[in-house]
Amino acid sequence: VMIIVTGTKRSGTSMWMQILAASGIPLIGEAFPKNWKETIEAANPHGFYESPLRQGVFFATNPDPRTGVYLRPEASASVAVKVFVPGLCRTDLAFVGKVIGTMRHWREYVASVERLRTMETEALKAKGAGVEEAKVLDPVLEWWLENFALIRDIVTRKYPAHLVTYENVIEDPERVLPPILTWLGAKDIAAGVAAVSPEARTQDRDRIEREHEFGPMFDEIYDTVSRRQPITNDFLERVNATHEGLVPAIEASIQAVVDDRRRRAKPPAMPDPLHPDTLQSLIHGDDEG
């Protein structure tokens with residue numbers, strides 16, 4: 001079965017891919033796709049290990065739109081691939097074998113995402129490119145939407161999954177990793193444990209001053225995963241109630257992004273009124289017959 005590493009961006013998915021590679025599990029994905037080594041290498045100096053399948057394994061990505069090669073479920077057995085949460089939710093269940101879901105504390109996630117966006121902007125400016133800041137979804141709400149979707153998908157589709165926090169792996173890999181790597185069938189557990197790089201951590205939630213109306217529930221979700229507590233019906237009811245409470249803010253943030261994209265879209269070029277083709281069209285219409 002395929003091993004899927006999932007989570008939000010900046011949640012430790014790259015670290016997990018590095019761990020699995022060191023432990024002897026084959027991967028799908030490049031350490032530094034495209035020009036990432038020149039632009040955002042500092043965000044993950046040991047590699048990102050991403051592929052087009054990060055968007056999910058479904059009709060738009062399989063067969064590969066560039067090569068036409070179809071990835072069969074049986075051919076991907078025991079191979080690990082990074083698939084972000086939205087992609088996991090749209091991945092055909094035949095490809096969902098064992099899932100590792102990693103979670104970052106919401107304060108750390110927001111700070112890390114903002115740092116990454118700053119790095120990308122500075123890299124573009126260094127190349128002389130004009131950069132206009134685009135409106136993006138509130139990162140707190142982005143954290144919520146994806147982790148809410150992950151929990152819902154696991155509970156609904158009932159595939160084998162381990163949820164673990166980034167912090168637990170960084171701080172205690174000797175305790176956290178061996179049971180999971182054994183479950184995955186890793187060949188070299190010690191090498192997988194040794195692949196953890198605590199120095200790569202750039203954020204500490206205790207030093208980040210950020211509050212939110214629903215912060216206590218965000219903390220409860222994180223603590224539930226951190227302490228490896230079962231997902232109970234009572235817990236799910238509170239999660240669903242929190243989502244309902246966040247819907248107005250989510251809709252407003254999405255609308256702000258949509259409005260900004262419309263504003264930034266270039267209007268269609270106006271035809272030159274003195275160009276012969278334009279005059280021909282105005283006199284005779286577009287049809288030549």
Side-chain angles (χ1 to χ4, degrees), residues 6-14 33-36 38-44 48 50 52 54-56 58 60-61 82-90 102-153 166 202-205 207-219 221-222 239 242-270:
T6 194
T8 66
K9 296 177 181 178
R10 315 306 301 150
S11 67
T13 52
S14 298
K34 300 179 182 179
N35 65 339
W36 291 10
E38 291 73 38
T39 57
I40 55 174
E41 178 186 7
N44 267 328
F48 293 83
E50 293 192 12
R54 68 184 180 275
Q55 301 174 8
F58 66 121
T61 61
K82 181 196 291 192
V83 181
F84 291 118
V85 173
L88 171 63
C89 294
R90 67 171 69 98
T102 176
M103 184 181 291
R104 193 87 176 261
H105 190 277
W106 64 277
R107 290 189 186 91
E108 290 186 5
Y109 167 80
V110 171
S112 187
V113 164
E114 290 175 344
R115 173 176 177 263
L116 180 64
R117 288 172 180 159
T118 299
M119 291 169 60
E120 292 173 331
T121 300
E122 290 177 350
L124 289 172
K125 289 180 178 178
K127 292 183 177 182
V131 180
E132 181 183 356
E133 294 291 335
K135 191 76 174 177
V136 296
L137 187 66
D138 181 339
V140 175
L141 300 178
E142 189 174 42
W143 179 93
W144 170 262
L145 281 170
E146 295 202 11
N147 283 296
F148 174 74
L150 176 58
I151 293 171
R152 181 180 59 187
D153 198 55
Y166 171 84
T202 60
Q203 308 297 332
D204 183 348
R205 71 174 186 269
R207 300 181 182 180
I208 300 171
E209 295 183 4
R210 191 182 296 267
E211 300 300 327
H212 194 276
E213 176 186 358
F214 291 93
M217 188 62 205
F218 300 163
D219 290 339
I221 290 174
Y222 182 83
V239 169
T242 301
H243 185 70
E244 289 297 321
L246 283 167
V247 165
I250 292 169
E251 291 179 341
S253 187
I254 291 174
Q255 188 61 53
V257 172
V258 170
D259 291 343
D260 180 67
R261 289 181 179 176
R262 288 173 177 166
R263 178 188 63 80
R264 291 159 55 85
K266 293 182 180 180
M270 295 296 293

Gln255: partners by side chain to side chain donor-acceptor pair (under 3.5 Å), with sequence neighbours left out: Asp259
Is there a donor-acceptor contact under 3.5 Å from the side chain of Thr102 to the main chain of Thr13? no
If every non-hydrogen atom of Val110 is compared with every non-hydrogen atom of Pro139, which pair is closest and at what distance? CG1-CG, 3.9 Å
For Leu141 against Ser253, the heavy-atom pair lying closest together: CD1-CB, 3.9 Å
Any idea which heavy atoms bring Ala149 and Cys89 closest together, and the distance? O-SG, 3.9 Å
Would you check if Glu211 and Arg107 make a side-chain contact, meaning some heavy-atom pair closer than 4.5 Å? yes
Please identify each residue that fulfils side chain to side chain contact (heavy atoms under 4.5 Å, CB included) with Arg261, with sequence neighbours left out. Val257
Any non-hydrogen side-chain atom of Met103 less than 4.5 Å from a side-chain atom of Ile221? yes
Phe84: which residues meet the ring-ring contact (aromatic ring centres under 6.0 Å, His included) condition with it, sequence neighbours left out? none
Between Ser14 and Lys82 the two heavy atoms that sit nearest each other are OG-NZ, 2.8 Å
Who passes side chain to side chain donor-acceptor pair (under 3.5 Å) against Glu114, sequence neighbours left out? Arg210
Please answer whether the main-chain N or O of Lys135 pairs with a side-chain N or O of Asp260 as donor and acceptor at a distance below 3.5 Å. yes
Taking side chain to side chain donor-acceptor pair (under 3.5 Å) as the test, write out the residues that go with Asp153, two or more places apart. Arg157, Tyr159
Could you list the residues that satisfy side chain to side chain contact (heavy atoms under 4.5 Å, CB included) with Ile254, not counting sequence neighbours? Leu137, Ile250, Val258
Can you check side-chain contact (heavy atoms from CB on, under 4.5 Å) on Phe218 and Val140, steps first, answer last? CA-CA 10 Å; Phe218 300 163; Val140 175; 3.6 Å; yes
State, yes or no, whether a side-chain contact exists between Asn147 and Thr8 at a heavy-atom distance under 4.5 Å. yes
Do any N or O atoms from the side chain of Thr6 and from the backbone of Val83 form a donor-acceptor pair under 3.5 angstrom? yes
So which of Glu146, Arg10, Glu142, Lys9 actually passes side chain to side chain donor-acceptor pair (under 3.5 Å) with Tyr109? Glu142
If you take the centroid of each ring, where Trp contributes its six-membered ring, are Trp144 and Phe214 closer together than 6.0 Å? no
What distance do Gln55 atom CD and Thr61 atom OG1 have between them, rounded to the nearest 0.5 Å? 7.0 Å
Heavy atoms, side chains only, cut-off 4.5 Å: are Leu246 and Phe148 in contact? no
So which heavy atom on Pro248 is nearest to which on Gly245, and how close? CD-O, 3.6 Å
Less than 6.0 angstrom from the centroid, inside 45 degrees of the normal: does Arg104 satisfy that with respect to the ring of Tyr166? yes
